[in-house]
Amino acid sequence: MNVLITGGCGFIGSNLVHHLRARRPDWTLVTLDKLTYAGNLENLAALEGDPKHIFVRGNICNRELIEHVVGLYRIEGILHLAAESHVDRSILGPEVFVQTNVLGTQVLLEVCKAIGVRRFVMVSTDEVYGSLGPTGAFTESSPLQPSSPYSASKAAADLVTLAYGRTFGLDVVVTRCSNNYGRYQFPEKLIPLMIVNALHDKPLPVYGDGGNVRDWLHVEDHCEALLGVLERGRSGEVYNIGGGAERKNLELVRGLLKLLGKSEELIRFVADRPGHDRRYAIDPSKIRKELGWKPAHTFEQGLAETVRWYVDHPTWWEHVNSGAYREYFDSQYRARLGASPG
Ligand code: NAD
Ligand code: TYD
């Protein structure tokens, strides 16, 4: 099979390329990525010289380029991950989120329609459902109530994908996964940011009271679920993906400090994120029942391995600890600290 992975140099995308290479060695994999701040070609360095892996630098909004790539490599399946992915950045500047996440997705769907790609997998997120109270979990029929410009743009792309299935008969499947963790995650997201800051004895900014809950899944478990959905998911369906590892942010940050042997005095409570969803939790019964998927990693083991990976690979993340990136993080931190009630 010839598969196009969009966003294949980002966190989940690059883990997915490695996962597919290991699990389906005969497939031809084409990675398309614009290489924004979040994309890093180094993540795929181990595939250099692999005759069955092709890297194309490009923007999913460029229809001519997408048509060329899909035609040239006779693409049969698309795993669509390219996106602007950080909620905080979507609050600072929503425009690029609509451009890439909504319009870019629609360009890919148009090309599938024009050229006849066999299957399109839209990698959406559980954030499209909005926030939960203290109990219950999202099912595939929970209402979509996105809170942030990021999640709203993902919900739009998710619905446009389903509409192309119903209206034009495209073979589409949508996945909605919970928060991922693992190697290659850009240190602006909670887990890698806290690890990198703690390693440098910098303050760890916890938003609000730290009581917000996320349902964590190891990135490799997500990748295995995506492979199952690509091969065996039912056309036109939505699949929730989640590992049942709910943790309060504060509890998680304390656990990271313990793993790193650092003091809890590094924790700083800062102003909350506007529109901050209180709790996410996924009901993954459908994918478990239909595709036989279940996570292979426990959260404790996966988190310890992830911490070890960041400790062992400072050259991968050191560049974000200096220059423009560090300035961005520090200015965000100062702004939140300044606005914090405590
Ligand atoms: P990421 O930010 O690490 O990677 C995104 C990748 O997309 C980067 O390599 C970037 O260069 C590329 N990209 C951005 N704009 C592009 C464009 N216009 N054209 C081509 N490439 C472009 O994100 P991630 O965390 O790996 O998330 C991947 C996908 O999974 C996203 O669609 C995200 O919404 C979804 N998702 C993420 C999580 C999570 O916890 N990280 C959970 C559920 C769903
Ligand atoms: P994040 O990794 O940005 O993922 P998402 O917002 O998509 O769930 O944030 C995870 C949780 O951690 C979320 O509740 C916000 C919180 N958070 C902090 O408390 N401090 C931080 O510096 C960051 C980046 C996130």
Side-chain angles (χ1 to χ4, degrees), residues 2-21 28-70 72-73 75 78-90 92-108 111 121-123 125 150 153-154 157 180 182-189 192-193 196 219 222-223 226 309-310 313-329:
N2 295 346
V3 177
L4 175 68
I5 301 105
T6 71
C9 294
F11 163 46
I12 302 172
S14 57
N15 278 288
L16 180 62
V17 173
H18 288 297
H19 192 78
L20 295 176
R21 174 43 72 240
T28 295
L29 307 176
V30 181
T31 297
L32 182 122
D33 200 294
K34 184 178 162 189
L35 296 180
T36 66
Y37 76 94
N40 188 342
L41 201 44
E42 238 183 78
N43 300 357
L44 301 181
L47 295 176
E48 242 177 66
D50 180 335
K52 284 182 169 291
H53 176 253
I54 296 125
F55 170 69
V56 180
R57 183 172 191 175
N59 188 338
I60 53 166
C61 300
N62 180 344
R63 176 166 177 168
E64 221 174 292
L65 171 78
I66 303 299
E67 241 171 38
H68 176 72
V69 169
V70 167
L72 181 65
Y73 298 112
I75 296 299
I78 298 183
L79 287 157
H80 174 38
L81 293 95
E84 289 294 334
S85 68
H86 196 207
V87 173
D88 291 323
R89 283 181 192 260
S90 82
L92 290 173
E95 194 178 330
V96 69
F97 283 74
V98 175
Q99 274 161 0
T100 289
N101 299 0
V102 186
L103 299 176
T105 301
Q106 193 257 339
V107 166
L108 291 166
V111 172
V121 178
M122 166 69 203
V123 180
T125 164
Y150 161 68
S153 70
K154 292 296 289 186
N180 284 213
R183 67 175 177 170
Y184 300 142
Q185 188 169 33
F186 190 77
E188 63 184 352
K189 306 280 167 61
L193 177 71
V196 167
V219 65
H222 187 189
C223 293
L226 292 176
W309 187 85
Y310 280 89
H313 294 82
T315 50
W316 187 86
W317 52 261
E318 237 351 311
H319 70 287
V320 303
N321 201 44
S322 58
Y325 286 123
R326 192 73 247 175
E327 265 166 47
Y328 164 78
F329 294 130

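- Note: L72 CG to E67 CD = 13.0 Å, rounded to the nearest 0.5 Å.
- Nearest heavy-atom pair across V123 and K154 is O-NZ, 2.9 Å.
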For this session: Check the pair H18 / L47 against side-chain contact (heavy atoms from CB on, under 4.5 Å), numbers first and verdict last.
Result: CA-CA 8 Å; H18 288 297; L47 295 176; 4.2 Å; yes
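- Put simply, CG on D50 and CZ on R21 are 4.5 Å apart, with the number rounded to the nearest 0.5 Å.
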Problem set entry | Q106/R63 under side-chain contact (heavy atoms from CB on, under 4.5 Å): CA gap, chis, key distance, verdict | CA-CA 10 Å; Q106 193 257 339; R63 176 166 177 168; over 6 Å; no
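- Other residues, nucleotides and ligands contribute at most 12 non-hydrogen atoms within 6.0 Å of the NE2 atom of H68.
- Residues passing the salt bridge (Lys or Arg N to Asp or Glu O under 4.0 Å) test with R57: none are found, sequence neighbours excluded.
- Under a cut-off of 6.0 angstrom, the local environment of CD in E64 is sparse, with at most 12 non-hydrogen atoms contributed by other residues, nucleotides or ligands.
- Taking the side chain as every heavy atom from C-beta outward, Y73 and T28 never approach each other to under 4.5 Å.
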Between side-chain atoms of residues 3-14 and protein atoms elsewhere (two or more places apart, or another chain), which donor-acceptor pairs fall under 3.5 Å?
residue : atom : partner : partner atom : Å
T6      : OG1  : H80     : ND1          : 2.7
T6      : OG1  : L81     : N            : 2.9
T6      : OG1  : A82     : N            : 3.0
S14     : OG   : G10     : O            : 2.6
S14     : OG   : F11     : O            : 3.3
S14     : OG   : N43     : ND2          : 3.3

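- Side chains of M122 and I78 form no contact here, defined as non-hydrogen atoms less than 4.5 Å apart.
- Residue L108 holds its CG atom at 11.5 Å from CG of L103, rounded to the nearest 0.5 Å.
- Proximity of L92 to D88: side-chain heavy atoms (C-beta onward) are nowhere separated by under 4.5 Å.
- In this structure, Y310 OH and L193 CG are separated by 10.5 Å, a value rounded to the nearest 0.5 Å.
- Inter-residue side-chain proximity for W317 and N40 is flagged as unmet; no heavy-atom pair is nearer than 4.5 Å.
- Side-chain atoms of H313 come within 3.5 Å of backbone N or O of W309 as a donor-acceptor pair.
- Summarising the geometry, atom NZ belonging to K34 is positioned 12.5 Å from atom CG belonging to L65; distances are rounded to the nearest 0.5 Å.
- Separating the CG atom in L32 from the CD1 atom in I54 is a distance of 11.5 Å, to the nearest 0.5 Å.
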Exercise. Between Y37 and E188, does a side-chain contact (heavy atoms from CB on, under 4.5 Å) hold up when you go through it step by step?
Worked result: CA-CA 11 Å; Y37 76 94; E188 63 184 352; 2.8 Å; yes
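- Residue H86 comes nearest to F97 through the heavy atom pair O-CZ, 3.3 Å, listed as atom of the first residue, atom of the second, then distance.
- Of all non-hydrogen atoms in Q99 and C61, the two that sit nearest each other are O-SG, 3.5 Å.
- The backbone N or O of Y150 lies less than 3.5 Å from a partner atom in the side chain of S153, making a donor-acceptor pair.
- Results of the side-chain hydrogen bond (donor to acceptor under 3.5 Å, both in side chains) test with N180 over K189, H222, Q185 single out H222 as the only residue that passes.
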